[in-house]
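Okay, structure first, notes after.
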Amino acid sequence: MLKCHYSKPSAILSILQGCNSIKRLKRIHAYVIVNGLQDHPKISNKLLNFCAVSVAGSISYAQLLFQHIENPSTEAWNSIIRGFAQGPSPLQALLYYNSMVSTSASQPDNHIFSFVLKACKIIKAEKKSMEVHGLIIRHGYERDVIVCTNLVRSYAGNGLLGSARRVFNDMTDRDLVCWNCMISCYSQAGFHQDALKLFSQMRDEKVGLDGFTLVGLVASCAHMGALNIGIEMHKIAWEKGFLQDYYVGNALIDMYAKCGSLDDALNVFNEMKRKDISTWNSMIVGFGVHGRGDEAIALFKQMLMAGVQPNSITFLGLLCGFSHQGLVEEGIQYFHLMSSEFKLKPGVKHYGCLVDLYGRAGKLEKALELIESSSYDDPVLWRTLLSSCKIHRNVATGEIALKSLVRLGLSNAGDYILMATIYAEVKDIDGVARMREKIKIQGMKTTMGLTWIEVGDKVHKFVVNDISHPDSCEIYDKLKQIINRLALLGYSEEAAIGRDPEFDLETSSSYHSEKLAIAFGLVKTPEGSCIRIMKNLRICRDCHTFTKFISKAFNREIIVRDRVRFHHFNNGICSCCDYW
DNA sequence: TTGTGATCCC
């Protein structure tokens, strides 16, 4: 039992200060009650705060304490709302906030608004964010930079980038954190151009920058395939001394890998004095998506030697590399190693890689078996199988995969297009017609194929048959000239039906976006230099053949990043060895 | 006691 002199409030408070476990706290609480001090404001707040907020606390005990507070002060509301906002049930934070606003005499303060907004972001409570915004204004906190930064994040996290930006614009004194926050919101939402634009505004306004700024921007460069801008960022990071920051280094490795420049990724990797698990993962995943599974293994072994434990992402990188390189045996081995040796449970993504591995290698029954034996009835697994059926022209298994997607109610236009292509490959015209019909009847939208190319510091976007580019005339002239030249070397365009995934239901003849981008690249970049393009879908077979011919006829290295992997075209050959 | 960052199957 605690000694009697603890009955003084100040003594109890100082004991509470040093409390580090819920068990001890409960003993103190009992003592507080025995001495009739449970309503002492400072003591009850301290007890509540520890339970709600501390890692050693207990949110359910905090709830219990809170129930016994007669007129909770702002501090008390603060603790309970904060506790739930950062815990496993943020919805509770909103419920407490509601009852505070509607029943309590205590007023919410800047801290409470921050916690509530955090909860709104996590549980995607878009309407609530707006409502809270109203109350923030009414309580006069619309000039509080931290509250507003939370508001920006909360709006952006709910997909309301426009609202987030308006809040940002209306802020009177913006600090570096809030600029960083706006940039990372854009980056995470996929608004990469906006992130870059904001950065140039940041420079104009001489705000300065730090590692956080760079991470958001470099991630955007990675997603856009904007190598030149990424190199700029690398330079800045070097000049300002941010290269030793894990996050910056890892983002750079990822950026170089995603921009097709694996050597540069490796340079950053090697120069990082301290590497964490993500540093290794970024590099292993980089090798993986480039189809260099053997190098991924080598790095994995080095990682183990360095005493770093792999995690599930490490294995995704490895398995991804194996499937692109066709290393079936290794894939199976590492898939098992994952759980047997490293106690990691394979997730649906790992199954996805393995289905892909079997599927590409033509072992379609194995792939099917694997899906059926796994506990995942996941659309992505069936879609992966369907893609493999396309490669190997397997109608029967393809139909099983498509049926599963329909059964799950998750089939999309892309799936029918894939199946239509399989029918087309085996000259089943009725099958093709049935698939077209399904898409039409159900009014499904096809995903528009897009290709991006970076020239200088600008990223240009193309769609199929694009005529919106200011240099369109020049591009089409060049394309016709290219096609004539390639024809002499034996290239002929494949039939329209084989040209998924930009397969167009309306027009029979079309110029795929990658052809336009490559033609543009040939016009705008110096002779002999490398052309890098990026697609949102898989490259189709015709364009793949076309690009091989170009690389030879025009003596250009062409690097294509498609939705899932890289193709390095050189002298008429592709690094994927036509295995994709 | 309140705000910002990287790697992830098709």
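All chains are named by letter (A, B, ...) in the order of the sequence lines, taking the proteins before the strands, and each is independently numbered beginning at 1.
Across residues 259-273 of chain A, not one residue has a non-hydrogen atom less than 4.0 Å from an atom of DNA chain B. Near-neighbour residues of DNA chain B inside residues 210-223 of chain A, defined by a heavy atom below 4.0 Å, number-ordered: A:Gly211, A:Phe212, A:Val215. For DNA chain B, the neighbouring residues in residues 136-160 of chain A, judged by any heavy atom under 4.0 Å, are A:Val145, A:Ile146, A:Thr149, A:Asn150, A:Arg153.
Using bins of under 30°, 30° to 60° and over 60° for the plane-to-plane angle, the ring pair A:His139/A:Tyr141 lands in the parallel bin. Relative orientation of the A:His223 and A:His192 rings is parallel, given thresholds of 30° and 60° on the angle between their planes. In this pair, A:Phe315 and A:Phe342 present their aromatic rings tilted. The plane angle is within the 30 to 60° band.
Between the A:Asn536 side chain and the A:Leu450 main chain, a donor and an acceptor come within less than 3.5 Å of each other.
Ring-centre distance between A:His324 and A:Tyr579: not below the 6.0 Å cut-off. Aromatic rings of A:Phe66 and A:Tyr96 (six-membered ring for Trp) have centroids within the 6.0 Å cut-off, being under it. Ring centroids of A:Tyr97 and A:Phe115 are separated by 6.0 Å or more, keeping the two rings apart. Checked against the 6.0 Å centroid threshold, A:Trp179 and A:Phe199 do not count as a close aromatic pair.
A:Asn49 and A:Asn78 form no side-chain donor-acceptor contact under 3.5 Å, judged by distance and modelled atom types alone. Counted by atom type alone, A:Gln333 and A:Glu329 present zero donor-acceptor pairs between their side chains at under 3.5 Å.
Contact annotation for A:Val348: base contact, defined as any heavy-atom pair under 4.0 Å involving a base atom. A:Asp175 comes within 4.0 angstrom of a nucleotide base, judged by non-hydrogen atoms across all strands. If you check every strand for non-hydrogen atoms under 4.0 Å, A:Asn311 touches nothing. The residue A:Arg565 sits apart from the nucleic acid: no heavy atom pair falls under 4.0 Å. Across all strands, A:Cys320 comes closer than 4.0 Å to no nucleic acid atom at all (heavy-atom distances). Within 4.0 Å (heavy atoms only), A:Lys275 reaches no atom of the nucleic acid at all. Within the 4.0 angstrom heavy-atom criterion, no nucleotide atom of any strand lies near A:Gln86. Nucleic acid contact class of A:Val53 (heavy atoms, under 4.0 Å, all strands): none. Counting any heavy atom pair closer than 4.0 Å across all strands shown, A:Asn110 reaches a base atom.
Counting heavy atoms of neighbouring residues, nucleotides and ligands inside a 6.0 Å radius, atom CZ of A:Arg407 exceeds 12 of them.
A cation-pi arrangement, defined by a distance under 6.0 Å to the six-membered ring centre and an angle within 45 degrees of its axis, is absent between A:Arg274 and A:Tyr246.
Residues satisfying the ring-ring contact (aromatic ring centres under 6.0 Å, His included) test with A:Phe269, not counting sequence neighbours, are A:Trp280. Among residues two or more places apart in sequence or in another chain, the side chain to side chain contact (heavy atoms under 4.5 Å, CB included) test is passed with A:Thr314 by A:Ile277, A:Asn281, A:Ile284, A:Phe300, A:Met303, A:Pro310, A:Asn311.
Counting 5' to 3', DNA chain B first comes under 4.0 angstrom of a heavy atom of chain A and last does so at the ends given by B:dT1 to B:dC10.
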